[in-house]
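Just so it is clear, the values below take in all heavy atoms, side chains as well, and ignore hydrogens, waters and symmetry mates.
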Amino acid sequence: MKRLKDSDIIPLIVAAPNIRQAIFAVLRGTDRKESPQGREILAHIDGIEAWLAGEISAGIFHLTTYGEEEIKEGGKIRKIQFLYSYYEKIGVHAIMNIVEDLTFKRLIRTTAASLKNRGVHDLLGIIRRDLAADPDNMLYVYEDDITKFYESILQDIMMDVLRRFFKGPIILTLLERFVRFLPHALSIGLRSSQHFGNLLLSVALDHFLKSENRVKYYYRYCDDKRVIDCNKPDLWHVSRLIEQRVESVGLKVKPNKRIYPISEGIDFLGYKIYTDHTRIRKRNKVKAARRLHRLKSKRRRAEIIASFYSLCKHADAKHLFFKITGIKMADYQNLKSLAELGISTSPGVRRNGQKNFACRSVSLNALVGTALCILDFQTDVSTKWSRKELREAREAGETDAVEKSKYLVCARVIVPNRSQLAACNLTLKKGDVVKFFTGYPDMCDICDALKEKGMLGENKVTMARNAQGNFTEYLFT
């Protein structure tokens, strides 16, 4: 396959449909659409498309500041980087859309991490097909993975790999900015890193094993690898080949690599795969059971059950699903609505006694100038913003800081301020019921006063801005 020139790839990246798709992919979800950046982008979407196309075509698109957070997953703590700017996220998404499409055919069929239409269940199906087709030659399993994969990738080697696929100065400059986003290694949170990791292992390892050494049953999910053969000596030979190739690109195989009989089950992709059946990995079973046990939100429980069902339906786990959820898989499969099984997701009173209003959630900023009738409210509500403020205060050394909880207010629209709603990309009409969070003392006092006087549902409140632009003036009748 020839290397791709700028004239082959840049026009595809800057095409309006590709950038438009990237915009809506990044702004997926109500929270992002209603954020200040999201509203700005949607209000000037044509201009954003033209600006991004110009930046990318000229090769001057680049990434600026980023944030970092620690997440705990599978007992491991990882530092994840994320971009603050939605504009930069959209640019990365648009570039990688085309890069991934044009290099997809260079990857072997038995790799499945972060690839379109090639997920966990796709690779699981391939392994089960091979086990059924050739059981006599699949008696032992070799497994390993790489130590701190993304954190150990050398940027110079990564660029050498990318030059085997691309030769245009513009596309190579853009991709090099993604590779060298951090001082060392690849960023775990940047979208491009996942595909770059696939390309690195494809060049360094996959084709070496499959094409040059004729290793028939080799499977890879990110840096997690499995090789199956009929005897141990051949697998130990493959192990040495893998270790040599991985070390040649500056990486290292973990010392816990091992070979074991396939009768123990292939521990891979979240499952234990046997020749005639498939079980769910113990860690995943325990995690699902514990989450369902401690969750109070009915809606969140429904989401976890749906996720667990998607895991169980690809394994022999009917009894396990019933034992953990109390629902038969056959009933769940034919389910038309969760309410049929008593898992009502319609908002009402939560298990902890808090109210959860069945109406549209809007930002307080969108309701400036709109006349509202307060119907009900809930005090002491914890939100992601209040939790973030508390975390930042404690990181700043304020050890005695406490969370500033909010009020969740449910109100009916009496007279909508259409200009303000349009500026926030919202459409409300008279009689619509909405809910919003507020931490403004004046609004909280008004809610308390209305409840004390028994005037909930019989009032009119209008929020206005004062001269400084703050939400501090309320008209109350």
Would you list the pairs meeting salt bridge (Lys or Arg N to Asp or Glu O under 4.0 Å) in which at least one residue belongs to residues 27-42, sequence neighbours left out? Asp31-Lys384

Closest approach of [X] to [Y] (non-hydrogen atoms, all atoms of both residues):
X      : Y      : answer
Val26  : His93  : CG2-CB, 4.2 Å
Val362 : Phe436 : O-CB, 3.5 Å
Ala366 : Cys424 : CA-SG, 3.7 Å
Lys460 : Ala371 : CE-CB, 3.7 Å
Phe61  : Gly91  : CZ-CA, 3.5 Å
Val161 : Leu199 : CG1-O, 3.8 Å

For a 4.5 angstrom cut-off between non-hydrogen side-chain atoms, does [X] reach [Y]?
X      : Y      : value
Leu367 : Leu428 : yes
Lys254 : Ile146 : no
Ile80  : Glu70  : no
Ile108 : Tyr219 : no
Phe149 : Leu251 : yes
Val179 : Ile153 : no
Met158 : Leu154 : no
Leu190 : Leu83  : yes

Is a donor on one side and an acceptor on the other found under 3.5 Å between the side chain of [X] and the backbone of [Y]?
X      : Y      : result
Tyr271 : His314 : no
Gln81  : Ser187 : no
Ser193 : Ile188 : no
Asp267 : Lys272 : no
Asn198 : Ala113 : yes
Asp6   : Ile171 : yes
Arg279 : Asp316 : yes
Ser310 : Ser307 : yes
Asp376 : Cys410 : no
Asn459 : Ile374 : yes

Evaluation steps, side chain to side chain contact (heavy atoms under 4.5 Å, CB included), between Arg418 and Thr427: CA-CA 8 Å; Arg418 301 192 186 282; Thr427 303; 6.0 Å; no

Interatomic spacing from [atom1] in [X] to [atom2] in [Y] - rounded to 0.5 Å:
X      : Y      : atom1 : atom2 : value
Phe437 : Lys406 : CZ    : NZ    : 10.0 Å
Glu88  : Thr64  : CD    : OG1   : 3.5 Å
Phe166 : Ile9   : CZ    : CD1   : 4.5 Å
Leu320 : Met329 : CG    : CE    : 9.5 Å
Met159 : Leu175 : CE    : CG    : 6.5 Å
Ile98  : Ile13  : CD1   : CD1   : 6.5 Å

Does the pair [X]/[Y] count as a salt bridge with the N-to-O cut at 4.0 Å?
X      : Y      : result
Arg291 : Glu303 : no
Asp122 : Arg109 : yes
Arg360 : Asp432 : no

Taking the ring of [Y] and the ring of [X], is the distance between their centroids below 6.0 Å?
X      : Y      : value
Phe181 : Tyr66  : yes
Tyr274 : His277 : yes
Phe321 : Tyr332 : yes

Given side chain to side chain contact (heavy atoms under 4.5 Å, CB included), test Phe178 with Leu186 step by step and report yes or no. CA-CA 8 Å; Phe178 300 164; Leu186 296 187; over 6 Å; no

Could you check whether the rings of Phe82 and Tyr84 sit parallel, tilted or perpendicular, using 30° and 60° as the cut-offs?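 Geometry flag for Tyr84 against Phe82: perpendicular rings.
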
Whether over 12 other heavy atoms sit under 6.0 Å from Arg180 CZ: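 Yes, enclosed.
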
Quick check: are there more than 12 heavy atoms from other residues, nucleotides or ligands sitting under 6.0 Å from NE2 of His44? no

Just by distance, with hydrogens left out, do Thr103 and His195 show a side-chain donor and acceptor under 3.5 Å apart? yes

Does the side chain of Gln420 come under 3.5 Å of the side chain of Thr370 through a donor N or O and an acceptor N or O? no

Show every donor-acceptor pair shorter than 3.5 Å between a side-chain atom in residues 443-451 and any protein atom, with sequence neighbours excluded, or say none if there are none.
{"from": "Asp448", "atom 1": "OD1", "to": "Tyr407", "atom 2": "OH", "distance (Å)": "3.2"}
{"from": "Asp448", "atom 1": "OD2", "to": "Tyr407", "atom 2": "OH", "distance (Å)": "3.0"}

Please step through salt bridge (charged side-chain N to carboxylate O under 4.0 Å, His left out) for the pair Arg191 and Glu100, ending with a clear verdict. CA-CA 11 Å; Arg191 175 185 165 171; Glu100 290 169 8; 2.7 Å; yes

Only one of Arg220, Arg226, Lys225 passes salt bridge (charged side-chain N to carboxylate O under 4.0 Å, His left out) with Glu143; say which it is.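 Among Arg220, Arg226, Lys225, the one that satisfies the salt bridge (charged side-chain N to carboxylate O under 4.0 Å, His left out) with Glu143 is Arg226.
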
After noting the C-alpha distance and the side-chain angles of Ile41 and Tyr86, does the key distance pass the side chain to side chain contact (heavy atoms under 4.5 Å, CB included) rule? CA-CA 9 Å; Ile41 290 169; Tyr86 286 0; 3.7 Å; yes

Walk me through it: do Ile56 and Trp51 pass the test side chain to side chain contact (heavy atoms under 4.5 Å, CB included)? CA-CA 9 Å; Ile56 293 171; Trp51 172 76; over 6 Å; no

